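Take a look at the structure below.
As the structure is a computational prediction, the values presented were derived from the model and not from experiment.
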Amino acid sequence: MESAAPETMFGLIIETLLRGVARRAGEGVFLFICRGYPGTGPFTIRLCARLGRTASRFASLVRRLRSQPARPIAPRHAPRRATLAPAPKTTPNPDAPPLPRNRAWLGIRIFEARVCAAQLDHLLRRPATQTLIASDYRFGRILRPLCHMLGLRNPPIPHYQQAEPEPQPQPEPPAAAPFAPASINPASANPAPAGRTLLPCPHHQRAPPRAA
């Protein structure tokens with residue numbers, strides 16, 4: 001089974017967990033946590049639907065990434081537009097209370113859940129699974145609620161690593177024009193005020209040629 005694909009192993013773990021939930025529900029292990037439900041039957045149906053959606057989302061994301069491996073997806077930090085309609089709920093009874101949110105609330109009540117938690121921890125530590133999870137941030141959104149439900153502390157879920165863009169070549173700066181000092185005429189450098197005549201400076205006058 002070590003050579004099986006991660007999605008196949010994940011599907012088998014969820015299937016084992018579903019069988020354990022169905023078996024232990026008949027023994028009344030959910031009597032004290034199904035508050036707000038008319039009985040353990042609706043609670044078990046909602047829990048099984050949640051686990052089934054987790055398995056289907058994982059397998060669907062893997063197939064999508066393998067069919068389009070050249071399209072990395074970055075997480076969205078901006079809020080959604082107000083014009084978009086919310087996604088319809090696919091739960092059996094949308095008005096039913098939510099599932100418990102305590103850590104390991106399923107693992108401490110079902111023996112099969114503790115076995116599946118150990119198998120899931122082993123699966124997440126495989127190098128092939130680590131590479132797959134790190135390729136898309138949505139794997140973390142799928143796996144973290146399940147790990148919280150089973151009681152896995154610090155699950156080995158790598159963070160999403162977005163490929164850095166290739167550096168663009170910088171354009172070369174234009175060549176500077178050569179510096180040419182301009183000749184400065186003393187008369188033009190200090191122009192005379194209006195109405196005045198600028199007399200030549202005696203120090204700038206040429207001396208008369210000497211007699212031979």
(message) Let's go through Leu106 and Leu99 carefully: what are the C-alpha distance in whole Å and the side-chain angles of both, what is the deciding distance for side-chain contact (heavy atoms from CB on, under 4.5 Å) to 0.1 Å, and is it a yes or a no?
(response) CA-CA 10 Å; Leu106 185 61; Leu99 296 175; over 6 Å; no

(message) Using the rule that Ile, Leu, Val, Met, Phe, Trp and Tyr join whenever any side-chain heavy atoms are under 4.5 Å apart, tell me whether Trp105 and Leu150 fall into a single cluster.
(response) yes

(request) Could you pull out the closest heavy-atom pair between Pro145 and Gly140, with the gap in Å? (result) CD-O, 4.3 Å

(message) Main chain of Thr40, side chain of Thr44: is a donor-acceptor contact present, judged purely on distance under 3.5 Å?
(response) yes

(request) Give the minimum heavy-atom separation between Arg109 and Arg114, together with the two atoms involved. (result) N-NH1, 4.5 Å

(request) Check Ile110 against Arg24 and note the closest heavy-atom contact, atom names and distance. (result) CG2-CG, 3.8 Å

(message) Contact between Asn102 and Ile108 at the side-chain level, heavy atoms closer than 4.5 Å - yes or no?
(response) no

(message) Please give me the minimum heavy-atom distance between Ala104 and Gly151, naming the atom from each residue.
(response) CB-CA, 3.4 Å

(message) Going by side chain to side chain contact (heavy atoms under 4.5 Å, CB included), name the residues that satisfy it together with Leu18, two or more places apart in sequence or in a different chain.
(response) Ile14, Cys48, Leu51

(request) Calculate, to the nearest 0.5 Å, the distance between atoms CG and CD1 belonging to Asp136 and Ile142 respectively. (result) 8.5 Å

(message) Is there a side-chain contact between Phe10 and Leu124 in this structure, where contact means two heavy atoms from C-beta onward sitting under 4.5 Å apart?
(response) no

(request) Locate the shortest heavy-atom distance separating Ala113 from Gly107; write the atom from each residue and the value. (result) CB-CA, 3.8 Å

(message) Nearest 0.5 Å, please: how far is CG in Leu61 from CZ in Arg138?
(response) 5.0 Å

(message) Counting C-beta onward and ignoring hydrogens, is there a side-chain heavy-atom pair between Phe58 and Leu146 closer than 4.5 Å?
(response) no

(message) How long is the straight-line distance from CZ of Arg57 back to CZ of Arg141, given to the nearest 0.5 Å?
(response) 9.0 Å

(request) Mind checking the CD-CZ spacing from Glu7 to Arg66? Nearest 0.5 Å is all I need. (result) 4.0 Å

(request) May I ask you to decide whether Arg19 forms a salt bridge with Glu15, counting only side-chain N to carboxylate O separations under 4.0 Å? (result) yes

(message) Does atom CZ (Arg50) have a neighbourhood of more than 12 heavy atoms from anything else shown, all under 6.0 Å?
(response) no

(message) For a 4.5 angstrom cut-off between non-hydrogen side-chain atoms, does Arg153 reach Arg103?
(response) yes

(request) Give, for atom CG of Leu65 and atom OG of Ser60, the distance between the pair rounded to the nearest 0.5 Å. (result) 9.5 Å

(message) Taking the side chain as everything from C-beta on, heavy atoms only, tell me whether Val62 gets closer than 4.5 Å to Pro6.
(response) no

(message) Do Pro100 and Phe43 have side chains that approach each other closer than 4.5 Å (heavy atoms only, starting at C-beta)?
(response) yes

(message) With a 4.5 Å cut-off on side-chain heavy atoms, are Met149 and Leu17 touching?
(response) no

(message) Distance check, rounded to the nearest 0.5 Å: Leu120 atom CG versus Leu143 atom CG?
(response) 6.5 Å

